[in-house]
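Okay, structure first, notes after.
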Amino acid sequence: MNITPEIILDCRGLTKTVVTGSSKAEEKHLTILQPIDLQVKSGESLAIIGASGSGKTTLLSILAGLDLPTSGEIYLKKQPMHSFDEEQRSKVRADHVGFIFQSFLLINSLTALENVMLPAELANADDAKEQAIAMLNNVGLGDRVEHYPGQLSGGEQQRVAIARAFISKPDILFADEPTGNLDSQTGETIIELLFALNKQQGTTLVLVTHDRELAQRCDRQLTMAGGQFVQQVNLMAEVS
Amino acid sequence: MQMWVKQSLRLFRHELKRGELTIICFAIVLAVATVFSLSGFSAQIKSALVNESTSFIAADRVLQSSRPANSELIAKADDFNLQLAEMMLFSSMVFAGDEMLLVSIKAVSGNYPLRGELLIKNASGPQSAPAPGSLWVEQSLLDKLKVKVGDNIELGAANFFIAGIVAKEPDASFSVFTNGPRVFLNLYDVPKTQVVQPGSRLTYRYLFAGEQQNIADYDNWLSPQVEDNQRWYDIKSQQSPLANALNRAEKFLSLASMLGIILAAVAVSVASRRYGQRHQPMVAVFKAMGANKSYIRNLYLLHWSSLSAFSIVIGLCVGFGIQYLALQYISSYLPANTSSDSLYPLFVAIITGLICACAFAIAPMKALISTPVLSIIRGFNGFDSKTRWFNQVPAFVAVFTLLVLFSRDLILSAVLMLSAAIVITVLLFLGRLLVNVGRKVGSGAGQSFHLAMANLKRRAKQNNVQLISFTIAIKLLLLMVVVRNDLIDEWQAQLPDNAPNQFLINVNAQQVPDVENFLNQQKIVSSGLYPIVRGRLTAINDEKLRKIASKEQEDGSNQGREGIGRELNMTWQQNLPSENVVTQGLWFSTSGNNAEVSVEAQIAQRLEINIGDQLTFQIGSEQIQVIATSIREVNWQSMQPNFYMIFNDGVLKDHPVTYITSLHVPPQSKRALQQFLNAYPTISVIDVDAMITQLRGVISQVSLAIEFILILVLIAGSLVLVAQVQASMEERERELAILRTLGAKGSLLRNSTLLEFVVLGVISGFLASIGMEAAVYYVQTNVFEMTASWHWQYWLLGMVLGGGFVGLIGLVSCRRLLKLSSLTLIRRTL
């Protein structure tokens, strides 16, 4: 019997246009995303690649519910994100979404442990601390729990960020250039860790990257240019 | 516990421990501590000064009347828990054998004086009233009547025993034209002298003292009921040099404290902005992780409240410490019984903390909470692009509220605020202009200067904020220094070391050459001998006067209330005396033969005398008519003989004349003067040395208080500069990282950083000097009623101080950054 995986993310005719110019006279409409259709299956890993300015980061923002499309529909876990306000999208993010950023975005005033605890606390988990310690152990930072981000190397900071992203067991994880600020060796370690956790938790992974090697680790690669997909490569056989 | 409470407190604890809240904490602590210590300290100083100086009127408040006051009004003082003493003043003749003398009687009740001390020679401790049947007299009475302590003298219908010699009279008059030596009498004895008859010229004084609040309440109750022939005054409403010094000092203390508050508020504003910017990434991350707006609002409200409460408590402790240390330091200058248990400074300080924490936080907090979640991907813009003028409204309202709360002076607060708004607008324009000019100059100068100017230009927006803060801080500091110096200079000019301390009066024309010879021999500085003719002003332009006013007719009141037919002391002079300025008309020309008179400005205004009016004077049995040809302003506070009416030469020469002079007699010449005067028993001497010493004591206390407050304002100003430089540190860090990466040498970075701050400081100093000059003009002419003057020397000081101080602070703050290796810098910032 064929098991068809659930579509976790479904986009139909997404576009994004922004207005530029400082005055009404200079106003220009700039199309960043042409109509885009995309379905992502649960547990899938998807890499969006493309040159700078191709629209991949804008697409990621909309997919993750951080921004709204100008037109089109987007359903995340079947929720109509395109018609939700900021508060409703926050709720969806809290329940289903995790993030990893190029610049880590850890809170410098909190320890590694406290940074990792944050999403669990936001979800009102009683055992946030225990979960965070376990996650930090999982990413190999069990001995650095009380360190502040400033006391950690770039690779270690990104590992904390990964632990923070996975602690709430998100259904879908969005990563924006997760290895962009790291040297290639550290980047390699981070990629390993990311995919290991992805596999372990069955999380859907959507990442934006310039890194061909990282992209090739994904089930699917979508190449963007001029605000639309120009190429799609399936690296893995469709789950059947 | 709610999760946001837990997270907020955790964040607060960590940030506090890691020093990330130091600047904002410091700013609130500074505001609270400044207000607490300044208002507390100046309140203490004020109450000490008023305590000290009320002894000059022997009470807190005095009701003076030419008729007995309504006894119900006086009795009411008891309901307000006030102490009351009564006094009657009149002139009378006393007799001892064949000798007689006009004396100035002060009949006092048993509890006189309520403030200050009445000291009697050879008596232990302060005294109140002489026992019934006895008198206390001034030494000169004994000399003139040839009597001694223990002898009897006659006053009216009664005989009195001389029980002692007055050594110190608390409410002695500054007037040199008193009617003879002072004699103290018990009020109980007045009826038996029978000198008080219907129509007698008498002055009744009712003295009140008590708690400040009770006095204020009684004042509110009594003031509307004070009649035309009565005067209700305190030490500050006296026109004495002391009252003037006190009034100005009090205004200065208030002004300095208000400026301290503005500086502290600027520091809070700068720091809260930085607080907001620093927390933006945190808010964006929280939002990305799904925290909703109300969660973040609660979290930050609690965070900010914890921070404010913590800072206010620390501020109160620091303020208390400063005030305690300051009072310890000057305790020897304060009267022993000074205590200020008023809770007002505490109240104002807490309110200041709360207002600063709330008003200055509204705009940054609003911007912070609305940080778009998309910033985590797109980057953070800071607040500059979102700043709108109306976002500054709460801050302006807050500063205004603080000023009014503190000074309780709506007009002064409004003027300060309005001038601040104008200054900021002008600064924005001038600052940009100067930086642009600097950029053009810089392009032809060295590499460091070029880079420094480029940095200034590039950060024009942030620099404008810095420029305004620096300029305001430097301007306020300059203002304080200039005003303080002018005030103290003026006081010292008023009471120079050689200020006259003795007056010689009743010198007759034959004695004048002898007196002049003696003064020349002894090298004693004098004001010169002024002839005095006593006369009455009886008509103006043939319109008969029923009332005229004169300064000296009422003992010590100096107000010149109405008085019918009282005589004026008039003189003639060829040259305009020093301390006199002709404001209308012309001083006498040497060629004119007409009878002319120059009239003092206040009396001219009161009696509506104009140039060209014909004034009729009655001198003895003769009448003379003169034309008013000039109106003079007179500095009544100079210890010189001053006159309402000065005639030109020749008009008064045929009338009976005596002469007066004021002298500065150094201690070593006092004996010689005494010996000289023994040969001239008709010359009277009035010794004002004790009074001058007392006055000088008060002025030195006031100067000390002003210096102390100046130091506090200086610290407040310096801290604004530090907070401002600190606020730009992150951006500088990023720039240094970029420049280092591009291969800039350490020396280039150091020099350009130093130059950038120095140029900013010099521009601020220059603008501050312009602002200072305008503010000083206003303060001198409107607040202190002094003559305005330019202060060029402070322009240079402003620029040197600005450049040096801002450069130093900037370099010291950036030193840590400049020392970091390129790798560390890049890792920390990029």
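Just the heavy atoms: all of them, side chains too, but no hydrogens, waters or symmetry mates, feed the values below. Because the structure is predicted, anything quoted here is derived from the model rather than measured. Proteins get letters first, then strands, A, B, ... in listed order; numbering begins at 1 in each.
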Per-residue tally against chain B (heavy atom, under 4.5 Å) across A/Gln88, A/Arg164, A/Lys91, A/His96 peaks at A/Arg164
Between A/Asp67, A/Thr57, A/Leu118, A/Asp176, which shows the greatest number of heavy-atom pairs under 4.5 Å with chain B?
A/Leu118
Are the side chains of B/Val373 and A/Arg93 in touch, meaning some heavy atoms are under 4.5 Å apart?
yes
Contacting moiety of B/Tyr295, where chain A heavy atoms sit under 4.5 Å:
side chain
Please say whether more than 12 non-hydrogen atoms of neighbouring residues, nucleotides or ligands are located less than 6.0 Å from CG in A/Asp127.
yes
Minimal non-hydrogen separation, A/Ser90 against B/Ala291, with atom names:
OG-O, 3.8 Å
So, do B/Lys293 and A/Glu86 sit near enough that their side-chain heavy atoms are less than 4.5 Å apart?
no
Gap between atom CE of B/Met282 and atom CG of A/Asn108 - 0.5 Å precision:
7.5 Å
Looking at NE2 of B/His14 and CD of A/Glu114, how far apart are the two atoms once the value is rounded to the nearest 0.5 Å?
3.0 Å
Give, as side chain, backbone, both or neither, the part of A/Leu60 having an atom under 4.5 angstrom from any heavy atom of chain B.
side chain
Spacing of CG belonging to A/Leu110 relative to CD belonging to B/Gln7, to within rounding of 0.5 Å
8.5 Å
A/Thr58, part contacting chain B, at a heavy-atom distance under 4.5 Å
both
Distance in Å, B/Phe286 CZ paired with A/Ile107 CD1, rounded so as to fall on 0.5 Å steps:
4.5 Å
So which of A/Arg89, A/Glu87, A/Glu121 has the largest heavy-atom pair count under 4.5 angstrom toward chain B?
A/Glu121
Which value, rounded to the nearest 0.5 Å, describes the distance between B/Met3 atom CE and A/Met117 atom CE?
7.5 Å
Atom CD of residue position A/Gln185 - does it have more than 12 heavy atoms of other residues, nucleotides or ligands inside 6.0 Å?
no
B/Ala288 to A/Phe99 - nearest heavy-atom pair and separation
O-CE1, 3.2 Å
Rounded to the nearest 0.5 Å, how far does OG of A/Ser61 lie from CG of B/Leu374?
4.5 Å
